[in-house]
Student: 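First the structure, which I've put down as structure tokens, then a few questions once you've had a look.
Naming: A, B, ... by sequence-line order, numbering from 1 per chain.
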There are 2 protein chains.
Amino acid sequence: MSSDAHSILDRMLCFEVYSTEHAFARLYKALLAPYGLTYPQFLVLVLLWEQCPQTVNGLGGQLGLQSSTLTPLLKRMEKAGLVVRTRDPEDERRVRVSVTAAGKALRANVHDIGRCVADATGMEEAELFDLMRSLRRLRGGLQGSVLTGVSLSD
Amino acid sequence: MSSDAHSILDRMLCFEVYSTEHAFARLYKALLAPYGLTYPQFLVLVLLWEQCPQTVNGLGGQLGLQSSTLTPLLKRMEKAGLVVRTRDPEDERRVRVSVTAAGKALRANVHDIGRCVADATGMEEAELFDLMRSLRRLRGGLQGSVLTGVSLSD
DNA sequence: AGACATTAAATCGCACGCGATTAAATCACA
DNA sequence: TGTGATTTAATCGCGTGCGATTTAATGTCT
């Protein structure tokens, strides 16, 4: 590949991923604000709607988040009455996070958010599936590289 | 489309975009850390390498960032000696941001970062171009929706 | 010229997100 | 049994990112 093509690719990849990710987060933020939910809080709720209770690391693994991010986030959700956090009697190191009745109640309210976002993309269903497939490949590659310690000297 | 397909689409879109965006940012963070650069700081530098000086809003427009984010970021970059901020004599409301010699010098050091990231994706050039085309479409749709005030009641 | 609107940055409070460290519980193994 | 390694959360400091507000400079309209 020519050096020019590389420069263009690099430049585009950089800015496109950066600005798209923020545009996406902003849309979700706007849709969730009426319910007092942030985007990451919403994602935690989705996971707890599917399976409850879950440990902090269990949630973190699915979201790619550290306990240093999740602990304060979960405390805010607990203060808001959406979840409860209790030490696991089986293993006192673990904290079991459970969704409350109030947290479950939100499920109906935000049921159409995903649909709403899909509409907002202005893209066809098939195109969105392709995009997600590419993103999954991209994410897989990136995560592998971080693990193997990619550096500029490679 | 069936309700099930919708649920799956919603769920996937949500988590895929969220975790991919963070994986991408983490990789850039790791690659830039040796140079004391954060990812958004790097993006500002790239813009200034292409055109200098630029106003705060000019940079913000290209990155999708507000002055409330850029002002402290630019101050940190100024303290690090990468840029200088001066009021525009033509219009004292504007702040002109210029890259310093030290900021320019970094260009050679991080020249291969984009290439490195492209390698890390494990994807072919053509596939990456397709992905970026999809992302551009996605971003366009999202930004349009935010402007027109999408809500769940629509 | 004077009054009001508009624009550009800056400021503030809040919520992530991470790396590094710490504290407590559990595990492993001699 | 007991001692050191491992695992799990929590804590801390720093850097984004945003909405709302503020301040200063400029534009506009009479």
Student: Mind checking side-chain contact (heavy atoms from CB on, under 4.5 Å) for A:Arg94 and listing every partner two or more places apart, or none if nothing turns up?
Tutor: A:Thr55, A:Asp88, A:Asp91
Student: Do the side chain of A:Arg26 and the main chain of B:Gly64 share a donor and acceptor less than 3.5 angstrom apart?
Tutor: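 Side chain of A:Arg26 to backbone of B:Gly64: a pair is present.
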Student: With sugar-phosphate meaning primed atoms plus P, OP1 and OP2, does A:Arg96 contact a base, only sugar-phosphate, or nothing at under 4.0 Å between heavy atoms?
Tutor: nothing
Student: Does the side chain of A:Leu45 reach to within under 4.5 Å of the side chain of A:Leu106, using non-hydrogen atoms?
Tutor: yes
Student: Could you pull out all residues at least two apart from B:Asp130 that satisfy side-chain contact (heavy atoms from CB on, under 4.5 Å)?
Tutor: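 For B:Asp130 the side-chain contact (heavy atoms from CB on, under 4.5 Å) partners, ignoring immediate neighbours, are B:Arg133.
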Student: I'd like to check the side-chain contact (heavy atoms from CB on, under 4.5 Å) partners of B:Glu50; sequence neighbours left out, ordered by chain and number.
Tutor: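 Once residues adjacent in sequence are excluded, the partners of B:Glu50 under the side-chain contact (heavy atoms from CB on, under 4.5 Å) criterion are A:Arg11, B:Val46, B:Leu47.
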Student: Going by the angle between their ring planes, with limits at 30° and 60°, are A:His22 and A:Tyr18 parallel, tilted or perpendicular?
Tutor: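 Plane angle between 30° and 60°, so tilted.
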Student: Mark up nucleotides 13-19 of chain C, 5' to 3', with B wherever a protein heavy atom is under 4.0 angstrom from a base atom, S wherever such an atom reaches only the sugar-phosphate, and - elsewhere.
Tutor: --SSBBB
Student: Does A:Val99 offer a backbone N or O that forms a donor-acceptor pair with the side chain of A:Trp49 under 3.5 Å?
Tutor: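 Between the backbone of A:Val99 and the side chain of A:Trp49 there is no qualifying donor-acceptor contact (under 3.5 Å).
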Student: Polar atoms only, N or O, under 3.5 Å: list the protein pairs with nucleotides 24-27 of chain C and their distances.
Tutor:
{"unit_1": "C:dT26", "atom_1": "OP1", "unit_2": "A:Glu92", "atom_2": "N", "d": "3.1"}

Student: Taking salt bridge (Lys or Arg N to Asp or Glu O under 4.0 Å) as the definition, give me every residue that meets it alongside A:Glu92, ordered by chain and number, with sequence neighbours left out.
Tutor: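 Once residues adjacent in sequence are excluded, A:Glu92 has no partner under the salt bridge (Lys or Arg N to Asp or Glu O under 4.0 Å) criterion.
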Student: Could you give the CG-to-P distance, from B:Asn57 to C:dT7, as a whole number of Å?
Tutor: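 For the pair B:Asn57 CG and C:dT7 P, the rounded distance is 11 Å.
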Student: So where does chain A start and stop touching DNA chain D, 5' to 3', when the test is distance under 4.0 Å to a non-hydrogen atom?
Tutor: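 Using the under 4.0 Å cut-off, the span is D:dT7 to D:dC18.
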Student: Sequence neighbours excluded, which residues qualify as side-chain contact (heavy atoms from CB on, under 4.5 Å) partners of A:Ala118?
Tutor: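 Scan of A:Ala118 (side-chain contact (heavy atoms from CB on, under 4.5 Å), adjacent residues dropped) gives A:Leu128, B:Leu9.
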Student: Ignoring hydrogens and geometry beyond distance, is the side chain of B:Ser67 in donor-acceptor contact with the base of C:dA10 at under 3.5 Å?
Tutor: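 Donor-acceptor pair under 3.5 Å: yes.
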Student: Under 3.5 Å, which N/O atoms of the protein pair with N/O atoms of nucleotides 1-5 of chain C?
Tutor:
none

Student: Could you pull out all donor-acceptor pairs under 3.5 Å where a side-chain atom in residues 67-84 of chain B meets a protein atom, sequence neighbours excluded?
Tutor:
{"unit_1": "B:Thr71", "atom_1": "OG1", "unit_2": "B:Ser67", "atom_2": "O", "d": "2.9"}
{"unit_1": "B:Glu78", "atom_1": "OE1", "unit_2": "B:Arg85", "atom_2": "NH1", "d": "3.0"}
{"unit_1": "B:Glu78", "atom_1": "OE2", "unit_2": "B:Arg85", "atom_2": "N", "d": "3.0"}

Student: Which residues pass the side-chain hydrogen bond (donor to acceptor under 3.5 Å, both in side chains) test with A:Glu16, sequence neighbours left out?
Tutor: A:Thr20, B:Arg139
Student: Going by the rule ring pair (Phe, Tyr, Trp, His ring centres under 6.0 Å), which residues pair with B:Phe15 if we only count those two or more places apart in sequence or in a different chain?
Tutor: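 So B:Phe15 forms no ring pair (Phe, Tyr, Trp, His ring centres under 6.0 Å) with any residue.
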Student: Taking the inter-plane angle between the rings of A:Phe42 and A:Tyr39 on a 0 to 90° scale, is it parallel (under 30°), tilted (30 to 60°) or perpendicular (over 60°)?
Tutor: parallel
